Amino acid sequence: MVPKNTAFDLQTCARPNILALEPYRCARDDYKDDGTNILLDANENAYGPGLALNGEGKLPGANVNGTSDSSASIDVDLLGLNRYPDPHQADLKQLLCNLRNTHTHTSKTIGPEHLFVGVGSDEAIDALIRAFCAPGKEKILTCPPTYGMYSVSAQVNDVSLVKVPLQLPAFNLDVPAIQKALASDPSIKLAYLCSPGNPTGKLLKKEDVQAILETNWNGVIVLDEAYIDFAPEGSSMAEWVAEWPNLVVMQTLSKAFGLAGIRLGAAFADPAIAQILNNMKAPYNISNPTSQLAQAALSSKHLSTMNRNKDLIVKQRARLIKELPKVPGVGQLHGGTESNFLLYQMLDEPSGKPSNEVALAVYQGLAEEKGVVVRFRGKEYGCEGCLRITVGTEDECTRFLQEIRSVLESVYKKKKSLSSSEEEQKEQEASAVVA
């Protein structure tokens, strides 16, 4: 059939910035999970959801008709799925506030009026850019290396990026450079700061965040706390939004809570900003099952499960920090230890220097030969030769430690057979990989 509308041309009809987009990539785009792989690539909670499930991994007391008996701890209302969900989610918001009202950073108390809830943190990232940045005119500031969705959302919304890299090697904020950028460019409307950072695993200093909040600049500081529950107690600054009208703190249930599959994120903010975000959102953006599972996870019984799983991850994190340096070819821990992942350098030879060639070969060897999937981060600013390793269960960490030793030995044997020109070419190819 010959098309009738010969004037249609996708390349000139669609927005240029959208046509230029590359889809978000993860290690599982290259290595599909067949059910036997050890997945240490996406910073998920390897111990499972933070829910008090029974021995069969099911909700206790649930009946097949969607009702539950009196002993059920979670009531997922299957019979109510024909109705639209609550557009306001006040009960869920109050539970999130209860979790973060620690009074560590302020004597004030935050409530549902301080909250926006969305589909993961990504909805809040995008909504903030749409709320504060005029397409083609205004900008956001980021501090590489950092979470990739800030730049993706900026590109989708035709918003430019200003990058002020973290200071190396410690991955601290370059406060004077950030202040200078914000004060000198009024078109910057948002500054995205990640704490603990991804891929750095480093908790930002409260005094550094405060110094940026105090900058003479008409814009909003967005603090991404996706991994905050793996940091020391009292680290979250969510309640601090009661003190700072130009602060937004984003969180998620995908990490410590082990609920990546329900896609629930939150943005804590001054009520005026929260109202803007709530005015913008789709009317029923949080499904009933998501809301019901999230509310259950935030109740005391299930919080104890989350905390137990978190403690197990922290224990295995300490184990990896102790054991990885004993593996020939593993370099320094490059970053912080306040998350559920670690960033380690792979060396061109034992006791050598960081190498993207070796890191990429180890990444590929672990996945293709051993069924262990981690994340190659060597193309990120300041992360040459680095792999990001999610902390798994005890058994997963045991196998990972065995396999990375084996793969590194194999990589070094192959390197010895290469000529200097071939080795240089391999290094260049590895450095050209889009991670």
Side-chain angles (χ1 to χ4, degrees), residues 26-53 55-57 196 198-201 226-227 229-231 252-261 305-346 358-377 386-411 435:
C26 65
R28 279 171 236 179
D29 290 320
D30 299 318
Y31 303 109
K32 304 298 183 186
D33 179 32
D34 61 1
T36 64
N37 290 342
I38 292 179
L39 304 176
L40 307 179
D41 60 306
N43 300 339
E44 297 155 326
N45 191 319
Y47 282 95
L51 299 171
L53 306 177
E56 298 178 343
N198 177 12
T200 68
Y227 301 94
D229 292 297
F230 299 104
T252 178
L253 297 193
S254 296
K255 306 303 179 181
F257 281 83
L259 293 172
T305 299
M306 183 276 285
N307 284 315
R308 182 168 62 251
N309 290 345
K310 177 184 67 176
D311 290 343
L312 290 170
I313 289 171
V314 169
K315 181 179 179 180
Q316 291 307 308
R317 183 178 69 191
R319 178 189 174 201
L320 288 178
I321 293 170
K322 178 182 177 182
E323 297 298 328
L324 271 171
K326 299 176 183 178
V327 178
V330 173
Q332 293 182 346
L333 171 64
H334 196 48
T337 59
E338 290 89 27
S339 192
N340 70 330
F341 59 86
L342 298 166
L343 189 68
Y344 267 93
Q345 296 171 335
M346 302 294 113
V358 171
L360 185 60
V362 171
Y363 161 69
Q364 293 170 336
L366 281 171
E368 295 170 7
E369 301 166 19
K370 308 297 184 180
V372 178
V373 185
V374 295
R375 196 81 188 267
F376 173 67
R377 296 282 77 184
C386 283
L387 297 179
R388 193 192 69 190
I389 304 152
T390 303
V391 179
T393 63
E394 181 176 1
D395 288 345
E396 288 173 340
C397 288
T398 297
R399 182 170 156 193
F400 166 72
L401 288 167
Q402 293 170 346
E403 304 295 19
I404 193 171
R405 181 183 292 270
S406 171
V407 169
L408 272 164
E409 289 175 357
S410 175
V411 168

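Keep in mind the model is a prediction, meaning the values are calculated, not measured.
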**Q** Which residues pass the side-chain contact (heavy atoms from CB on, under 4.5 Å) test with Pro325, not counting sequence neighbours?
**A**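 Checked Pro325 against side-chain contact (heavy atoms from CB on, under 4.5 Å); matches are Tyr344.
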**Q** Please find the pair of heavy atoms, one from Pro199 and one from Arg377, that lie closest to each other, and give the distance.
**A**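 That closest heavy-atom pairing would be CB-CD, 4.0 Å.
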**Q** State, yes or no, whether a side-chain contact exists between Phe400 and Ile389 at a heavy-atom distance under 4.5 Å.
**A**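 With C-beta onward as the side chain, the pair touches.
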**Q** Considering all heavy atoms of both residues, which atom of Ala361 and which atom of Val411 are nearest to each other, and what is their separation?
**A**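 Minimum heavy-atom contact is CB-CG2, 3.8 Å.
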**Q** What are the two closest heavy atoms between Ser339 and Pro196, and how far apart are they?
**A**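 Minimum heavy-atom contact is CB-CB, 4.4 Å.
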**Q** So, using ring-ring contact (aromatic ring centres under 6.0 Å, His included) as the criterion, who are the partners of Phe341 when residues are at least two apart?
**A**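 With sequence neighbours excluded, Phe341 shows a ring-ring contact (aromatic ring centres under 6.0 Å, His included) to Tyr227, given in chain and number order.
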**Q** Is it true that Asn43 and Arg375 share a donor-acceptor pair across their side chains at a distance under 3.5 Å?
**A**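 Distance-only check fails for Arg375 and Asn43.
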**Q** Scan residues 311-325 for pairs that pass salt bridge (Lys or Arg N to Asp or Glu O under 4.0 Å), counting only residues two or more places apart or in two chains.
**A**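 Sorted pair list: Glu323-Lys326.
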**Q** In sequence, state the C-alpha distance, the side-chain angles, and the governing distance for Tyr363 and Val407, and then conclude on side chain to side chain contact (heavy atoms under 4.5 Å, CB included).
**A** CA-CA 9 Å; Tyr363 161 69; Val407 169; over 6 Å; no
**Q** Any side-chain heavy atom of Asn45 sitting closer than 4.5 Å to one from Asn340?
**A**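 Side chain of Asn45 against side chain of Asn340, heavy atoms only: no contact under 4.5 Å found.
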**Q** Would you call Leu320 and Cys397 a side-chain contact if the rule is heavy atoms closer than 4.5 Å?
**A**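 They are in contact (side-chain heavy atoms under 4.5 Å apart), so the answer is yes.
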**Q** Hey, which of Leu366, Asp41, Val362 is the one that makes side-chain contact (heavy atoms from CB on, under 4.5 Å) with Val374?
**A**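 Only one option passes, and that is Leu366.
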**Q** My understanding is that only residues two or more places apart in sequence, or in another chain, count here; which of them pass side-chain contact (heavy atoms from CB on, under 4.5 Å) with Glu368?
**A**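 Here the qualifying residues are Tyr31, Gln364.
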**Q** Which pair of non-hydrogen atoms, one from Arg405 and one from Pro328, has the smallest distance, and what is that distance?
**A**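 For Arg405 versus Pro328, the nearest heavy atoms are NH1-CD, 3.5 Å.
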**Q** Only counting residues at least two apart or in another chain, list the ones meeting side-chain contact (heavy atoms from CB on, under 4.5 Å) with Thr393.
**A**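 Thr393 satisfies side-chain contact (heavy atoms from CB on, under 4.5 Å) with Ala46, Tyr47, Asp395, Glu396 once adjacent residues are dropped.
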**Q** Of all heavy-atom pairs between Thr305 and Leu51, which one has the smallest distance, and what is that distance?
**A**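 So the minimum-distance heavy-atom pair works out to CG2-O, 3.5 Å.
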**Q** Distance check, rounded to the nearest 0.5 Å: Asn309 atom CG versus Asp229 atom CG?
**A**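 Going from CG on Asn309 over to CG on Asp229, the span is 12.0 Å.
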**Q** Measuring from Leu360:CG to Leu387:CG, what's the distance to the nearest 0.5 Å?
**A**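 Nearest 0.5 Å value for the CG-CG distance: 9.0 Å.
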**Q** Find out whether Phe230 and Val391 are in side-chain contact, i.e. whether some heavy atom of one side chain is under 4.5 Å from a heavy atom of the other.
**A**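 They are not in contact (no side-chain heavy atoms under 4.5 Å apart), so the answer is no.
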**Q** Quick one: are Val358 and Leu408 in side-chain contact, heavy atoms under 4.5 Å?
**A**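 Touching, per the 4.5 Å side-chain cut-off.
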**Q** Could you measure the distance from the CD1 atom of Ile321 to the CG atom of Leu342? Nearest 0.5 Å is fine.
**A**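 Here the interatomic distance stands at 5.0 Å.
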**Q** I'd like to check the salt bridge (Lys or Arg N to Asp or Glu O under 4.0 Å) partners of Glu403; sequence neighbours left out, ordered by chain and number.
**A**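 By the salt bridge (Lys or Arg N to Asp or Glu O under 4.0 Å) rule, Glu403 matches Lys370, Arg399.
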